[in-house]
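Here is the structure we will look at, set down as structure tokens.
All values below were derived from every heavy atom in this structure, side-chain atoms included, with hydrogens, water molecules and symmetry-related copies excluded.
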Amino acid sequence: MFGLGRKLNYVREAFTAGATNTGNVTATVDDKLALNWHGTASQRDGVLEMLPRMRDKMMPGVELGTFADGLIASIHDEGMSSDSTGNNIQTIAMLWRVFTTRLDDGTYGDLISHANMHCAFQLHEQPGEQFKITWKISVMKGRTP
């Protein structure tokens with residue numbers, strides 16, 4: 001009646017698509033929770049496109065990994081930024097590191113539509129006010145792709 005059945009079916013299909021094609025990424029920086037992200041493969045693609053653009057505007061000529069590591073190091077020093085722009089930039093840097101890390105035949109980013117991941121970032125002080133960021137990613141697989 002009045003297309004109600006069709007609308008309910010549409011809502012059910014939309015919910016199922018959203019619920020089954022998303023993944024979660026959490027991250028800690030030196031054991032402090034810094035990220036709890038829930039997203040889709042298309043949102044992952046947006047992250048992968050945004051970090052190079054941000055780097056080109058903020059620090060042109062710097063290698064992407066170095067740029068991302070510098071943003072992650074700032075979390076270690078001062079915590080997540082309190083302003084939304086800074087917070088978003090730090091979030092994108094952490095997600096970029098997770099999504100571009102190599103895994104067997106692809107990257108961890110390839111798993112986003114059917115896995116939950118946790119990344120533990122650690123900052124290691126080096127001589128001469130240098131630093132090195134290391135990370136370890138754990139995966140809890142859910143549905144099969």
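- E129 meets the side chain to side chain contact (heavy atoms under 4.5 Å, CB included) test with no other residue; sequence neighbours excluded.
- Screening V139, T26, N24 against M117 for a side chain to side chain contact (heavy atoms under 4.5 Å, CB included) leaves a single residue, V139.
- Every residue was checked against the ring-ring contact (aromatic ring centres under 6.0 Å, His included) condition with Y108, not counting sequence neighbours, and none meets it.
- Put simply, the side chain of R97 never gets that close to the backbone of W135: no donor and acceptor are under 3.5 Å apart.
- Every residue meeting the side chain to side chain contact (heavy atoms under 4.5 Å, CB included) condition with D30, not counting sequence neighbours, appears here in chain and number order: H76, Q122, L123.
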With a cut-off of 3.5 Å and sequence neighbours excluded, list every side-chain donor-acceptor pair involving residues 44-62.
| residue | atom | partner | partner atom | Å |
| --- | --- | --- | --- | --- |
| R44 | NH1 | G109 | O | 2.6 |
| R55 | NH1 | V62 | O | 2.8 |

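- Residues meeting the side chain to side chain contact (heavy atoms under 4.5 Å, CB included) test with S82, sequence neighbours left out: none.
- Between M80 and M94, the closest side-chain pair of non-hydrogen atoms falls below 4.5 Å.
- Among all heavy-atom pairs drawn from A41 and I112, the shortest one is CA-CG2, 3.7 Å.
- Looking at every heavy atom in both residues, L35 comes nearest to L95 through CD2-CD2, 3.8 Å.
- For W37 and F99, the distance between ring centers is under 6.0 angstrom.
- With contacts defined as side-chain heavy-atom distances shorter than 4.5 Å, the pair H118/V25 does not qualify.
- Separating the SG atom in C119 from the CD1 atom in I137 is a distance of 4.5 Å, to the nearest 0.5 Å.
- The minimum heavy-atom distance linking A73 with F131 is given by the pair CB-CE1, 3.8 Å.
- When atom types are taken as modelled, the side chain of D110 and the backbone of T107 share a donor-acceptor pair closer than 3.5 angstrom.
- Applying the side chain to side chain contact (heavy atoms under 4.5 Å, CB included) rule to Q126 yields the partners H124, Q130, K132; only residues at least two apart in sequence or on another chain are considered.
- In this structure, A34 and V29 approach most closely via the heavy-atom pair CB-CG2, 4.0 Å.
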